[in-house]
Number of protein chains: 2
Amino acid sequence: MNLKQLSNILGISQTTVSRALNGYPEVSEKTRALVLAAAKKHNYMPNTKAQALATGKSKMIGFVLPLSSQHEILNPIFGDFLAGAAQTYKQEGYDTNLALTDNETQAETYRDMHAKGSVDGVIVQAPRENDERVAILKELGLPFVVHGRATGSNDYHYVDVNNTHAFINATNFLLDLGHKRIALINGNEELDFAIRRNHGYTQALKDRDIDIDHSIMFNSEMTEHFGYETTLKLLALENPPTAAVVSSYALAIGVRRALGESGLRIGKDFSVVIHDDDLSYLRNGEAQPVFTATRSSIRHAGQLCAKVLLDVIKNPSQPPQQVILEAQLIVGSSTGPAPT
Amino acid sequence: MNLKQLSNILGISQTTVSRALNGYPEVSEKTRALVLAAAKKHNYMPNTKAQALATGKSKMIGFVLPLSSQHEILNPIFGDFLAGAAQTYKQEGYDTNLALTDNETQAETYRDMHAKGSVDGVIVQAPRENDERVAILKELGLPFVVHGRATGSNDYHYVDVNNTHAFINATNFLLDLGHKRIALINGNEELDFAIRRNHGYTQALKDRDIDIDHSIMFNSEMTEHFGYETTLKLLALENPPTAAVVSSYALAIGVRRALGESGLRIGKDFSVVIHDDDLSYLRNGEAQPVFTATRSSIRHAGQLCAKVLLDVIKNPSQPPQQVILEAQLIVGSSTGPAPT
DNA sequence: TGAAATATCCAAAGCGCTTTGAAAAGAATT
DNA sequence: AATTCTTTTCAAAGCGCTTTGGATATTTCA
C-alpha cells in the first residue's frame with residue numbers, strides 16, 4: 001500500500017492525503033478524519049526512503065561502533081547508552097543507524113555516512129585527546145554531539161560526567177576512612193575520561209599532601225581480568241595499598257575475585273570504591289548498593305545526548321550545549337575504616 | 001556531490017556513470033576508470049535513500065530491541081551478537097537499523113518496519129513459546145531468521161545453540177565429580193533456551209536415577225543479584241546442594257559473591273558450571289577459563305544468523321536453514337570433587 | 001448580489017538514483 | 001565500401017513521497 005493507492009481508494013489527490021497525514025492545516029477536519037481512518041484500515045505507512053528523498057531529511061541518527069577495540073566499546077555501556085538515546089529519538093520519529101568499522105577508518109565512516117546522506121546527525125563516543133572526529137564533523141557540517149569530551153578544542157556540543165570531581169570524591173571518601181595508601185585502577189589512558197579520573201585521584205591525594213605513587217596507578221582496558229591481575233600485583237607489593245579506586249564495575253568484579261582468593265575480606269581488609277555507570281544489566285546491587293560508588297546513569301546520559309542532538313539538528317547554528325553531570329556518591333559494603 | 005553533478009563534471013551521462021560505478025559490463029574499462037577516479041576525487045557516494053527507492057531494496061537489516069524487559073535483552077549478549085551480525089552485513093553492503101519498542105508492541109514494530117519499507121530482513125531475538133513474531137513475519141513475507149528457536153512450528157530459518165545438550169554435559173560433568181545434589185539457576189522460563197536448559201539438566205539427572213528436586217531449580221532474570229540471592233537461599237537449606245549449573249556468567253558472579261560471603265571456596269566447597277556466551281567484554285578468564293563452562297560464542301552466532309539472513313534475502317523461497325551449534329565444555333577452576 | 005477573501009483541493013515538478021529502450025559509434029564480415 | 005553485429009553511450013521514465021503554485025469551492029463583506 002502506497003500513497004497513490006490510498007488516494008485512489010479515497011478518491012482524493014495524493015497531495016491532500018499527504019497533507020492530511022502530516023497534519024497540515026489546509027485540509028478540512030472531515031477529510032482528515034477520512035484519510036486517517038483509511039490509512040489505519042489499510043495499515044498504510046509512508047515509505048521512509050521516499051519521504052527522506054523528498055524532504056532531504058533522513059530521520060536517522062548514526063552511531064559508529066569501532067570493532068577492533070572490543071573491550072572499550074562493545075560493552076554493556078554501549079547497550080545502555082544506546083537504549084537511552086534511541087528511546088529519545090524514537091519519540092521524535094527518528095531511527096537509529098548502526099555502522100561498524102575498524103578503529104582506523106572510524107573518521108572515514110562519518111564522512112561516508114554524510115556523503116551517502118544516511119543520517120541527519122551522529123553521536124561520537126569515547127573521545128580521545130584532540131579527537132580527529134570532531135574536526136571532520138565540523139568540516140562536514142554534520143550535526144553531532146560528543147558523549148564525553150575531546151580535550152583540545154571546546155566549541156562543540158557534549159554531555160559528560162564530571163569525572164574529575166567524581167574521583168576526587170571517591171578518593172576523599174577513602175582518605176576520610178583513614179586509608180593512606182590508595183591504588184587506582186583505571187581505563188585506557190588515551191581516553192579522555194580516564195585522564196580526568198587520573199587527575200581527580202591525584203588531585204585529592206595532593207590536597208592532603210600525600211605523595212603520588214605511580215606504581216599503584218594502573219591504566220588499561222577495563223576488563224574483569226585486568227582488575228584481577230592488577231589486584232594480585234598490588235597485594236604482592238611489599239607495602240600493599242589498603243584500598244583502591246576502580247573505574248568500572250567490571251574491573252571491580254576482578255578485584256573482588258583476587259581479594260577473595262587471597263583471603264581478604266572486601267570492605268574490611270581492603271576497601272574499594274568504584275565508578276558505577278548504573279547499567280541495567282550489571283547492577284551494582286538492587287535496593288542496597290554492593291560497592292561504594294560514584295554513580296551516574298549511562299542511560300540517562302544517552303537520553304541527554306539524544307535530546308541535545310535533536311535540538312542541534314533542528315537549529316544547527318546555536319552556541320555549544322555542554323552538559324556536565326555530577327555523579328552521586330553511594331555507600332555500599334565495599335568500604336570500611338583502614339585496617340590498623 | 002550527486003550523480004548529476006558528477007556526470008556533468010565528467011561530461012558523461014548519468015546512466016553511464018551509474019553503470020560504471022555499479023560494475024555493469026556495458027561500459028568500457030577506460031570510462032570506468034575515469035568515473036571511478038572522479039568519484040573518489042570528489043568523494044562521491046550514491047545517496048542511499050535514492051538508491052533504495054530506485055531499486056526497491058533498502059539494504060538494511062532490522063533489529064528490534066524491547067525496552068521494558070531490560071535485563072533479558074539489553075545486556076552484553078545483545079552487543080556482542082549485534083557486532084557479529086553487523087560485521088557480516090557490512091561486508092555485503094548492508095546497514096543495521098535499530099528499533100526500540102516496549103514488549104507489547106514488539107510484533108507491531110515488525111509490521112511497521114515492513115510497511116515503511118525500511119528493512120530488507122530482520123532478526124528475531126529471544127524467542128518464546130509459539131512466538132507470535134514468527135507468524136507475523138511469515139504473513140508479511142519479510143525475510144527473517146530467528147536467533148534461538150520458537151517452540152511450536154518448525155518451518156523457519158534459525159541459528160541456535162544446542163542448549164539441551166550443553167546442559168546435559170554440564171550436569172554430567174558435575175555428576176562425574178561425585179556431586180549428588182546439584183542446583184540449577186536458569187533464565188526466565190518463558191524463554192525457549194531456558195526451557196531447553198531445564199530439560200537438559202533434568203534429563204541428565206534422570207539418566208542417573210536421581211530424583212528431580214524442584215526446590216533447587218530456579219528460573220528468573222539472569223542478573224548478578226538473582227544469582228546472589230538464589231545462592232544464599234540454597235546455602236540456607238537444611239540439605240544444601242554441593243554444586244550448581246548456572247545459565248550465565250552474570251549469574252555466576254552473584255553466585256561467587258554469595259559463596260565468598262558465606263566463607264565457601266568455589267571449586268572446593270561448592271562447584272559451579274556456567275554457560276559461557278564468550279562475550280568480548282565479560283570474558284570468562286583469558287588463557288585459562290575461570291569458571292568451568294559450556295562455551296558458545298554469541299558473536300559467532302551473530303555472524304551465522306547474518307549469513308543465513310543475507311542468503312534468505314537473496315533467495316527467499318528456500319527450505320529452512322537451521323543451524324545448531326554445539327557448545328564446548330571447558331574446564332576452569334570453579335569445579336572439583338564433591339566434598340565428603 | 002457581486003467582489004473579495006478564505007478555505008479546500010489538486011496537477012505537476014522534483015528529490016537522486018536505477019533501468020529500459022533506443023541511438024551512436026566501432027568492429028567485423030562480406 | 002556496404003552491411004551486419006557489437007560495443008558503448010544516452011534520454012527519459014519511474015521509485016513513493018513532499019511541496020509549490022494554481023484552481024476551485026465556500027464564505028464573508030460591502
Side-chain angles (χ1 to χ4, degrees), chain A residues 1-39 42-60 93-95 112-120, chain B residues 1-39 42-60 93-95 112-120:
Chain A
M1 174 66 54
N2 60 25
L3 226 210
K4 195 172 182 179
Q5 296 172 320
L6 187 64
S7 66
N8 279 344
I9 292 177
L10 283 159
I12 300 181
S13 79
Q14 296 190 36
T15 309
T16 307
V17 175
S18 170
R19 298 210 134 131
L21 257 22
N22 292 320
Y24 281 71
E26 53 272 76
V27 46
S28 70
E29 283 312 316
K30 196 174 56 179
T31 49
R32 189 193 303 279
L34 246 44
V35 170
L36 253 30
H42 297 94
N43 196 37
Y44 167 75
M45 312 213 74
N47 182 298
T48 46
K49 301 302 150 62
Q51 215 165 17
L53 193 55
T55 58
K57 320 248 92 215
S58 72
K59 287 288 201 165
M60 285 240 177
Y94 279 78
D95 254 1
D112 289 356
M113 279 183 139
H114 183 248
K116 293 194 290 184
S118 39
V119 296
D120 292 339
Chain B
M1 174 67 52
N2 59 24
L3 227 210
K4 194 172 183 178
Q5 296 171 320
L6 186 65
S7 66
N8 280 343
I9 291 176
L10 282 160
I12 301 182
S13 79
Q14 297 190 34
T15 309
T16 307
V17 176
S18 170
R19 299 211 133 129
L21 257 21
N22 292 320
Y24 281 71
E26 53 271 75
V27 48
S28 71
E29 284 312 315
K30 197 174 56 181
T31 50
R32 190 192 303 279
L34 246 46
V35 169
L36 255 30
H42 297 93
N43 196 38
Y44 167 76
M45 312 213 75
N47 181 300
T48 46
K49 301 303 152 60
Q51 214 164 18
L53 192 56
T55 58
K57 319 249 93 212
S58 72
K59 287 289 201 164
M60 284 240 178
Y94 280 78
D95 255 0
D112 289 356
M113 280 183 140
H114 183 249
K116 293 195 290 184
S118 40
V119 296
D120 292 339

Minimum-distance pair of heavy atoms, taken over all atoms of [X] and [Y]:
{"X": "B:Pro25", "Y": "B:Arg32", "result": "CA-NH2, 4.2 Å"}
{"X": "A:Leu10", "Y": "A:Leu34", "result": "CD2-O, 4.1 Å"}
{"X": "B:Leu6", "Y": "B:Tyr44", "result": "CD2-CD2, 3.8 Å"}

Could you work out which one of [options] sits closest to the side chain of [X]?
{"X": "A:Val27", "options": "C:dC9, C:dC17, D:dC15", "answer": "C:dC9"}
{"X": "B:Gln14", "options": "C:dC17, D:dC17, C:dG16", "answer": "C:dC17"}
{"X": "B:Ser18", "options": "C:dT19, D:dA11, C:dC10", "answer": "C:dT19"}
{"X": "A:Ser13", "options": "C:dC10, D:dC17, C:dG16", "answer": "C:dC10"}
{"X": "B:Tyr24", "options": "D:dC15, C:dT20, C:dT19", "answer": "C:dT19"}
{"X": "A:Ala54", "options": "C:dT18, D:dT18, D:dT8", "answer": "D:dT18"}

- Query: When the nearest nucleotide of DNA chain D is assigned to B:Glu29 and to B:Leu53 on a heavy-atom basis, which residue is associated with the more 5' position?
  - Reply: B:Glu29
- Item | Toward the 5' end of DNA chain D, by each residue's nearest nucleotide, B:Thr16 or B:Ala50 | B:Thr16
Let me know the distance between [atom1] of [X] and [atom2] of [N], rounded to the nearest Å.
{"X": "A:Lys57", "N": "C:dG14", "atom1": "NZ", "atom2": "C1'", "result": "18 Å"}
{"X": "B:Leu21", "N": "C:dT19", "atom1": "CG", "atom2": "P", "result": "13 Å"}
{"X": "B:Met1", "N": "C:dC17", "atom1": "CE", "atom2": "C1'", "result": "15 Å"}
{"X": "B:Lys49", "N": "D:dT18", "atom1": "NZ", "atom2": "C1'", "result": "15 Å"}

- Message: By the 4.0 Å heavy-atom rule, please label A:Thr48 as base, sugar-phosphate, or nothing.
- Response: nothing
- Could you pick out which residue, A:Glu26 or B:Met45, lies toward the 5' side of DNA chain C when each is mapped onto its nearest nucleotide? A:Glu26
- Closest-nucleotide ordering on DNA chain C, the 5'-leading residue of B:Arg19 and B:Tyr44: B:Tyr44
- Could you grab the distance from atom CE of B:Met113 to atom CE of A:Met45, nearest 0.5 Å is fine? 12.0 Å
- Note on the structure: Rounded to the nearest 0.5 angstrom, the CG-OG1 distance for A:Asp120 and A:Thr55 is 8.0 Å
- Message: I'd like to know if B:Thr15 reaches the base of C:dT19 with its side chain, counting only an N/O donor and acceptor under 3.5 Å.
- Response: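 Present.
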